[in-house]
Amino acid sequence: MAEEKKTTPAQEGQTLEPPAPGAPEAPPAPEPGTQGVIPGMEGPPPPENKVIDLSSVRAGAGQEQTGPAPEGGQEWEKPQEQPEPPRRGRRPRTKEAPAQEEKPKRKGRPPKAEKQAPGGGGAGKAAKAPKQGKAAGKSGPAKEEAPPPPAPAPEQPPQPKDASRAEKEEIVYLDLDQLHPFQNHPFGVRDDMEMKGLVSSVQAGGVHQPALVRPREGGGYEIIAGHRRQRASELAGYKNMPCIVRNMTDDEAVLAMTDDNLRHRETILPSEKAAALKQQYEAIKHQGTRGDGADLGKLSLDKVGERNGMSGKTVQRYIYLNDLVPELKQFMDGGKLSFTPAVEISRIRPDHQKYIAVSIEGQQSSPSKAQAKKLREMDEKNQLNPDVIDAVLSQEKKKEDFDVIISSAELAQFFGKDKTPREMKDQIMALLGEWKDKQPPELGRDKKKADREK
């Protein structure tokens with residue numbers, strides 16, 4: 001007989017399907033007013049009129065029940081199974097999803113957030129949430145991670161340095177009558193062949209390089225560099241010339257003036273070079289080179305030598321020449337007095353120097369190095385007078401060794417800095433010996449032997 005379908009108040013509107021053959025009978029429906037007990041729940045039933053959240057139970061059931069129900073009961077009567085043994089690798093999921101704040105922290109990257117996939121997918125399926133940073137699904141308060149460092153900008157090539165001065169300098173054209181020569185200018189302006197060539201150049205294309213001047217207290221401008229250009233412009237018929245006006249101290253003006261003339265002049269007289277080096281020495285010494293007393297003077301001499309490619313000792317010898325009387329300076333510039341004898345005579349008292357100048361003019365002969373040294377020694381012993389000077393300079397000059405002076409700057413072109421003077425000399429003599437052996441035999445004969453053969 002067919003069984004009638006029974007309904008209860010709790011199941012109104014729901015039709016019960018007949019049980020499968022051989023299946024146990026369903027438990028009787030609970031009486032009205034009593035609470036039902038769900039298998040798998042622990043503890044006493046909740047009080048009346050309280051809503052029970054079965055989402056976790058349904059979620060667990062949906063994940064576990066995938067095949068047909070086992071024998072011995074319906075699907076919702078299935079007893080709780082034992083958890084599976086842990087697998088290698090990732091930590092297994094639990095049957096009941098624990099609260100988010102109770103999830104154990106894992107090492108490595110934080111887990112991604114889990115939530116139901118929108119639009120379906122089942123109650124037990126977890127859908128991947130879109131990434132929102134690296135710590136989107138991490139339990140506990142999320143820490144803000146520092147933003148990734150910006151990509152390094154491509155390395156730019158170094159920009160060339162600006163060689164211009166701090167003050168903008170402009171070229172202005174000044175009248176020639178506003179330009180005045182430098183005070184105590186050591187270099188003369190001569191109307192020689194070089195000046196004639198400069199005048200022709202100015203007439204053809206004007207002054208190419210502007211002069212350097214500074215404002216003058218009495219009005220006008222003082223020429224620092226450009227005395228010969230001013231004279232050439234005057235001889236060429238110009239009334240003005242291009243100039244650069246620069247405010248400079250006395251020491252700066254001296255160094256700029258001497259550097260320009262010593263480097264660019266083609267012909268420099270010994271007295272001009274001596275005066276220029278002395279002015280450089282005084283300017284550098286006045287600027288406060290470190291040291292005191294003799295050390296201060298020595299350091300200043302070395303600095304002047306570095307600026308001009310010579311040793312400090314050579315600078316000192318040039319400075320001595322400034323102690324010569326004007327007559328002897330003229331003989332030196334004219335070639336009647338050599339450099340080394342002039343240095344010796346410069347150590348003699350000025351009144352005796354005048355007698356020496358008269359004797360040189362009368363005998364029309366220049367003193368040798370030995371004669372100049374003897375005059376200096378006699379002056380130190382207070383034995384020098386006009387008669388003695390004439391007697392010394394009238395003596396027959398002995399053939400004496402002469403010195404060939406080669407500056408360290410010249411030798412530096414061929415030898416390294418680690419070479420000592422002795423090693424340089426030995427190398428030079430060895431090269432000269434090889435050169436002499438390669439010469440033809442007739443060039444190596446003695447002069448007297450060649451004269452006898454004639």
Basic-acidic side-chain contact under 4.0 Å: Lys373, Glu344: no
Salt-bridge contact Arg246-Glu169 (side-chain N to carboxylate O under 4.0 Å): yes
Salt bridge present between Lys303 and Glu306 (N-O < 4.0 angstrom): no
Side chain to side chain donor-acceptor pair (under 3.5 Å) between Asn261 and Glu272, worked out: CA-CA 10 Å; Asn261 285 275; Glu272 295 176 343; over 6 Å; no
Polar side chain donor-acceptor pair, Glu194 to Thr267, under 3.5 angstrom: yes
Selection residues 325-338 - residue pairs positive for side-chain hydrogen bond (donor to acceptor under 3.5 Å, both in side chains), sequence neighbours left out: Ser271-Asp333
Salt bridge (Lys or Arg N to Asp or Glu O under 4.0 Å) partners of Asp426, counting only residues at least two apart: Arg422
Ion pair check, Arg376 and Glu380, cut-off under 4.0 Å: yes
Check against side chain to side chain donor-acceptor pair (under 3.5 Å), Gln280 and Asn308: CA-CA 10 Å; Gln280 277 194 359; Asn308 297 277; 3.0 Å; yes
Pairing of Glu222 and Arg214 as salt bridge, 4.0 angstrom limit: yes
Sidechain N-carboxylate O distance under 4.0 Å for Arg349, Asp379: yes
Glu377 side-chain N/O to Lys374 backbone N/O, donor-acceptor pair under 3.5 Å: no
Lys/Arg-Asp/Glu bridge criterion (N-O < 4.0 Å) met for Asp323, Arg347: yes
